[in-house]
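Working notes for the structure below.
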Amino acid sequence: MVWLPLYALVFIVLTLYWARAAALANGNHETWFSARHSLPGWMSAILIAGASLGGLAVLVVPQTLASNSFGMPALLQAGVLLALPGVVFFKRIWLIGQRLRLSSLSELLRVYYRSQFLAIVSALVAVLFAVCFAGLQIRALGSVAAGLSDGALPLEAVSLIFAFVLVGYVVIGGMRAIGYLGTIQSVLGIAALMGITVFAILSIGGIGVLNEGLQALGSDPATSALFAVSGVIQFTAGLGREAAAGHEGTVVANLSLAFALLGMQASPVILKVVLSTSSARAIAAGQTWVLAGAFGALVVLFAGALGAAGLVAPNLTVGPLLSAISPWFSAWAFVGASCAVMVLAGLSLFVAAEALVRTLYKPNFHRSLSTKGTVALARIAVVVLALVSVLMQALTPVTLSALAALALPLAFQLWVPLLGMTWVHWFTRSAVLAGMGFGIAGVLLTDVAGLAILSFLGLDLPWGRWPWTVHSAAWGMLANLSVTILVSLFTQRRSASPEAIDTRRFLGEFLAPSDGVQKLRSTAWSAVLAWFFLAVGPGLVFGNFAFGAADDVWITGIPSQWAWAMLFWILGLGVIWFLAYRMEMASPLAQAVPPHAPAPTLPPHEDDVRFVERARLRALVLTGAIGFGLAVLIALAFGNTGVPQ
């Protein structure tokens, strides 16, 4: 209780210092939302990697391996999986943002597709990340802090401290403070994970003893199945309804989990950083060497080793391990682990507040709100979102977990409108809207939160969470993409918005592929599909025995699936490099981007009866939908739905 408050105090002081420095650099409220689109490329690369993988590497991967062994090796490919959508989307999204002079995904979707629905979906995804996804990770850290302090620091107090720090620097410095502090927090998070992992390996007696412990578990018939993927698919009714034979880690479970991870880079949270970056020159290096390379190694090597140590000795998981080591080191490691989580938490709070105010409130309820008033209201929204997250962590942790599980699969559904915006231009507006609706329904019908809501409404479905061991992200995308393609075939004659037409023409001229790129397209497709097949798809079955079966001698001295993951992390890094540089999907740009010049039109007159009635009806429907959603969430949080969690 000496070192932990001391380190925390030092960190809070440094945080507020950098927040003040960011505020001074902003100058006024005009740059609070996007830092004048001036974040350096190297800073954005580290911030994106830290926000995407920080909490995952420190908390999720080690705990999953310690609990379930290597039945879900797709998690170890998180670095490559998260870099792939960055290579596919970031360069083109940045160009579109520069062309239309927009700084958030919600604004892009609203302008490009002329759709308030897509903007609302983007805003709600940001809220799920801010309140639930990051809040669940903060709650986990609160439990660790309570253990470190022998109960002197209750979970609720730790959550309040986190909220105070997050609200402080987000409200003061805006996007610039998030960039400054996110870079520092990411580095501290990396250092903490590496330090904790090294200490865990030393505590168990070294790598040799760790491998012997793993080999002993693999030789035990009761636990050997945990070191292998349990077949291609199991036609079960889903979690909570019917248990899978052995464990849930099938090939399709790993592949669909990989799809869910792909949703992170399509989320409004990460794309906000892309749209606030000064240039696209560092996208290729950031996704290849920072995310897939450095952070990918962090996951497959350090997070993997920490999880393996926790599997052999349960007292070497993050919480018990920090309680057993030197107080000064455990306090430093806890602050570093907290930084890894705060990168995403602070960024999510900022993006969610901006989306709620600029996407939902201002266009529908207060069009004349000034920029200064918009910033002030967004700051209030940051405080409210942080308080809601703290209350949910303390009062409704089950609901918090259920809603947090929706963040990634719903973000993955945004792939379809992003593909229509950047690559597949024959996706029509009506098709994308219909597909998004069906995709959201597919996610809700196969995950805990949606099943609980239906149970509250009196509908009891015959399946549980993730039927057939398929993640809800894949079920949603199956419905989303099928409907989008089908509807697009019948709506090709419908005209797109002027912004969409201009953007398509601009991208076609600005990013015209060279002859060398066109010749390599088939090679690129083959490389990506082959990597997916072998690294996170049906090829995972070969990983069960490629370097020795679980009950046999391991050629590499470590479980076969772990060695398989290391091999395909290296090959995946090569695939990302090939796409980013040779295929020029994320290659540096030097040209200036001219702004879109819309054709002159007469704005609708404020006194026009139909315009006023339409605006009032839209506001009424939106208010009713929000009220109904809040009522359902309150019933879900405090009522008994009867749905197994």
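Because only heavy atoms are used, hydrogens play no part in the values below, and waters and symmetry mates are left out as well, while side chains stay in. Throughout, numbering of the chain's residues begins at 1 and tracks the sequence. Bear in mind the structure is a predicted one, so any value in this text is a computation, not a measurement.
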Just how far is it from atom NE2 of H37 to atom OG1 of T277, taken to the nearest 0.5 Å?
-> 10.5 Å
Would you mind reporting whether W42 and I46 have side-chain heavy atoms less than 4.5 Å apart?
-> yes
Full working for side-chain contact (heavy atoms from CB on, under 4.5 Å) between V80 and V575 | CA-CA 9 Å; V80 176; V575 171; 6.0 Å; no
d(L406 CG, F133 CZ) to nearest 0.5 Å is 11.5 Å
State which residues pass side-chain hydrogen bond (donor to acceptor under 3.5 Å, both in side chains) with S276; sequence neighbours excluded, sorted by chain then number.
-> none
Just how far is it from atom OH of Y112 to atom CD1 of I501, taken to the nearest 0.5 Å?
-> 9.5 Å
Side chain R114, main chain S497, donor-acceptor under 3.5 Å = no
Answer yes if the side chains of K272 and S34 hold a donor-acceptor pair under 3.5 Å, and no otherwise.
-> no
Among side-chain atoms of R20 and Y169, is any donor-acceptor pair under 3.5 angstrom?
-> no
Might you point out which heavy atoms bring A126 and V269 nearest each other, and give the distance in Å?
-> CA-CG2, 4.5 Å
Closest heavy-atom pair and its distance - S103, E107 | N-OE1, 3.2 Å
Please report the C-alpha distance between L356 and L385 in whole Å, then the side-chain angles of each, then the deciding distance to 0.1 Å, and finally whether the side-chain contact (heavy atoms from CB on, under 4.5 Å) criterion is met.
-> CA-CA 10 Å; L356 289 176; L385 289 170; 4.1 Å; yes
Is R99 close enough and on-axis enough to F506, meaning under 6.0 Å and within 45°, for cation-pi?
-> yes
Would you say the side chain of M264 lies within less than 4.5 Å of the side chain of P85, judging by non-hydrogen atoms?
-> no
Roughly how far, to the nearest 0.5 Å, is the CD atom of Q185 from the CD1 atom of I190?
-> 12.5 Å
Taking all heavy atoms of L347 and all of A51, pick out the closest pair and write down the distance.
-> CD2-CB, 4.2 Å
Indicate the atoms forming the closest heavy-atom contact of G346 with V170, along with that distance.
-> O-CG2, 3.7 Å
Are L589 and R281 close enough that some pair of their side-chain heavy atoms sits under 4.5 Å apart?
-> no
Distance-only, no hydrogens or angles: does the Q77 side chain make a donor-acceptor pair with backbone N or O of V536 under 3.5 Å?
-> no
Please list every donor-acceptor pair under 3.5 Å in which a side-chain atom of residues 410-423 meets a protein atom from a residue at least two apart or in another chain.
from : atom 1 : to   : atom 2 : distance (Å)
Q413 : OE1    : M477 : N      : 3.3
Q413 : OE1    : N480 : ND2    : 3.3
Q413 : NE2    : P409 : O      : 3.0
Q413 : NE2    : A473 : O      : 3.4
W415 : NE1    : L262 : O      : 3.1
T422 : OG1    : L418 : O      : 2.7
W423 : NE1    : V88  : O      : 2.9

Without hydrogens or angle criteria, can the side chains of S106 and S122 be said to hold a donor-acceptor pair below 3.5 Å?
-> yes
Is any side-chain heavy atom of S482 less than 4.5 Å from a side-chain heavy atom of L478?
-> yes
With the side chain counted from C-beta on, respond yes when F532 and L255 share a heavy-atom pair under 4.5 Å apart, and no when they do not.
-> yes
Between Q265 and S52, do the side chains contain an N or O donor and an N or O acceptor separated by less than 3.5 Å?
-> yes
Is it the case that more than 12 heavy atoms not belonging to F11 sit under 6.0 Å from its CZ atom?
-> yes
How about W525: does its CH2 atom have over 12 heavy atoms from other parts shown lying under 6.0 Å from it?
-> no
Start with the C-alpha distance between L76 and L65, add both sets of side-chain angles, then the distance that settles side-chain contact (heavy atoms from CB on, under 4.5 Å), and finish with yes or no.
-> CA-CA 10 Å; L76 295 173; L65 293 179; 4.1 Å; yes
Measure the OG1-CH2 distance between T183 and W18 for me, rounded to the nearest 0.5 Å.
-> 9.5 Å
Heavy-atom pair of closest approach, residues L261 and L82 | O-CD2, 3.1 Å
Spell out, as yes or no, whether a donor-acceptor pair under 3.5 Å connects the side chain of S472 to the backbone of V443.
-> no
Check the surroundings of atom CZ in F510: do more than 12 heavy atoms from other residues, nucleotides or ligands lie under 6.0 Å from it?
-> yes
Please determine which of L105, L109, L108 meets the side-chain contact (heavy atoms from CB on, under 4.5 Å) test together with L118.
-> L109
Any side-chain heavy atom of L128 within less than 4.5 Å of one from L403?
-> yes
Compute the ring centroids of W564 and F568, then answer whether they are less than 6.0 Å apart.
-> yes
Hey, does the side chain of S278 reach the backbone of L39 with a donor-acceptor pair shorter than 3.5 angstrom?
-> yes
Examine distances only and state if a side-chain atom of S44 and a backbone atom of G41 form a donor-acceptor pair shorter than 3.5 Å.
-> no
Within the side chain of S389, is there an N or O that forms a donor-acceptor pair under 3.5 Å with the backbone of V131?
-> yes
May I ask you to decide if L511's main-chain N or O and E584's side chain share a donor-acceptor pair within less than 3.5 Å?
-> no
Under the 3.5 angstrom rule, does the side chain of S587 hit a backbone N or O of M583 as a donor-acceptor pair?
-> no
Straight-line distance of N254 CG to L75 CG, nearest 0.5 Å = 8.0 Å
Donor-acceptor pair, side chain of N26 and main chain of G173, under 3.5 angstrom = yes
Can we call the ring centroids of F350 and W32 under 6.0 Å apart?
-> yes
For residues W562 and L301, determine if any side-chain heavy atom of one lies less than 4.5 Å from a side-chain heavy atom of the other.
-> no
With distance as the sole test, does R379 use its side chain to make a donor-acceptor pair with the main-chain N or O of V171 at under 3.5 Å?
-> yes
Could you give me the CA-CA distance, side-chain angles and deciding distance for T31 and M175, then say whether side-chain contact (heavy atoms from CB on, under 4.5 Å) is met?
-> CA-CA 8 Å; T31 61; M175 190 63 206; over 6 Å; no
Given side chains that start at C-beta, do those of I440 and V121 come closer than 4.5 Å, heavy atoms only?
-> yes
Minimum heavy-atom distance L81-A258, with the two atoms named | CD1-CB, 3.7 Å
